[in-house]
There are 2 protein chains.
Amino acid sequence: MGSSETLGKLQISIMRVLWARGEATVNDVHQALLESHGLAPTTIATMLKKMEHKGVVSHRTHGRKFIYQPQVSERSVKRSMVAELAQRLFFGDKAALVSHLLDEHEVDPDEVAALRKQIAEASGRKGEQ
Amino acid sequence: MGSSETLGKLQISIMRVLWARGEATVNDVHQALLESHGLAPTTIATMLKKMEHKGVVSHRTHGRKFIYQPQVSERSVKRSMVAELAQRLFFGDKAALVSHLLDEHEVDPDEVAALRKQIAEASGRKGEQ
DNA sequence: GCGATTCAACTACCCGGGTAGTACTATCGA
DNA sequence: TCGATAGTACTACCCGGGTAGTTGAATCGC
């Protein structure tokens, strides 16, 4: 846990495919990332194996092909990685991280507010149905 | 560059010593981190060498000892690393990162506001003198 | 002057992300 | 049936963070 949910660049790209589809074969992932990454199929396969060993995905067999599923949620990964960075840079003080974003990255509070509202409404709608 | 200003855990600890003192020998850094890290002196030396190769510190010689200096500011490192994470997790959308912090890490906006005010006042005082 | 101490240099690991070639096998199509 | 294809398994790199032992040289203290 914790640091084990920290994912590399490629790992996140792969997870995004898995999160979007629920499950996918090596080939599915490879196809999905072909345009943007242009990697060999074996690279995806190797990475998925490493990720399974790490516990962030799992697979079942269908015929002789592997169908991978995420074992960690996007939310959880985001939380872990953001917490990790806050730890590294701000001794775990997340308010300091927000302050840094506002002051040093010119993040517009109005934009944040709009985004949050949008998210709240979306999850509200989801909760109602 | 950009990613080259991304520092590991130990590297940040070392940088903090350098940032605080302006410059320091291997031994200074080792002493400073002894309590918290308890590492061998050669570990610090090796790391500093790697960091110099990476361009984040430099050294000059004094007698036969090396005096290291930071070559990147804390501000710059924070900016790089935060931007990197925003890139990885939110496609570079920093407002989304802030939104995530507020909603998923229970960051208190009042606390952030207080912190920012404090920082603004501190830098104001510094600017005046 | 000489032994003890203090440096840096060099070398050597481990680990994990990232990348991929090759080998082997099951299965599909003609 | 048999060759092509599709899949996984295995193996092998590179790189950089992290950790440290050993070695060789300069210098300090007696």
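None of the values given here were measured: they were computed from a predicted structure. Every heavy atom of this structure was used, including side-chain atoms; hydrogens, water molecules and symmetry mates were not. Letters A, B, ... are given to chains in the order of the sequence lines, protein chains preceding strands, and every chain is numbered from 1.
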Task: First encountered from the 5' end of DNA chain C, between Thr42(B) and Arg88(B) - done: Thr42(B)

Task: Charged N-O contact under 4.0 Å between Arg60(A) and Glu23(A) - done: yes

Open item on the list: Less than 4.0 angstrom between a side-chain N/O of Lys49(A) and OP1 or OP2 of dA9(D), yes or no?
Closed with: yes

Open item on the list: Looking only at side-chain N and O atoms, does Ser76(A) offer a donor or acceptor that is under 3.5 Å from a partner on Glu5(A)?
Closed with: yes

TODO: Return the value, rounded to whole Å, for the distance between atom CD1 of Ile67(B) and atom P of dC7(C).
DONE: 11 Å

Open item on the list: What is the distance, to the nearest angstrom, from the CE atom on Met51(B) to the C1' atom on dA8(C)?
Closed with: 17 Å

- [ ] Please determine, for the side chain of Arg64(B), which listed nucleotide (dG17(C), dT22(C), dT6(C)) has the closest atom?
- [x] dT6(C)

- [ ] Answer with yes or no whether the side chains of His59(A) and Gln69(A) bring together a donor and an acceptor at under 3.5 Å.
- [x] no

Task: Protein-nucleotide distance (Ile12(B), atom CD1; dG17(D), atom C1'), rounded to Å - done: 12 Å

Open item on the list: Could you report the tightest heavy-atom contact between Met15(A) and Val56(A), atom names first, then the distance?
Closed with: CE-O, 3.5 Å

Open item on the list: Output the rounded distance in Å from CZ (Phe66(B)) to P (dA26(D)).
Closed with: 13 Å

- [ ] In whole angstrom, give the distance that lies between atom CE of Met47(B) and atom P of dC15(D).
- [x] 16 Å

TODO: Check whether Leu115(A) and Leu102(B) end up in the same hydrophobic cluster, where Ile, Leu, Val, Met, Phe, Trp and Tyr are linked by side-chain heavy atoms less than 4.5 Å apart.
DONE: no

Open item on the list: Counting only side-chain heavy atoms from C-beta out, which of dA25(D), dA20(C), dT11(C) sits nearest to Ala40(A)?
Closed with: dA20(C)

- [ ] Establish, with yes or no, whether the OP1 or OP2 oxygen of dG18(D) is under 4.0 angstrom from a side-chain nitrogen or oxygen of Lys9(B).
- [x] no

TODO: Measure the distance from NZ on Lys65(B) to C1' on dA25(D) and round it to the nearest whole Å.
DONE: 16 Å

- [ ] Check the distance between dA20(C)'s P and Leu34(A)'s CG and give it to me in whole angstrom.
- [x] 11 Å

Open item on the list: Suppose we call a contact any N or O donor and acceptor under 3.5 Å apart; does that hold for the side chain of Lys50(A) and the base of dG18(C)?
Closed with: yes

Open item on the list: Please determine whether a side-chain nitrogen or oxygen atom of Asn27(A) lies at a distance below 4.0 Å from atom OP1 or OP2 of dA6(D).
Closed with: no

Task: Out of dC10(D), dG21(D), dG18(C), whichever nucleotide has its closest atom nearest the side chain of Thr46(A) - done: dC10(D)

- [ ] For Leu48(B) and dA20(D), give me the distance from atom CG to atom P, rounded to whole Å.
- [x] 15 Å

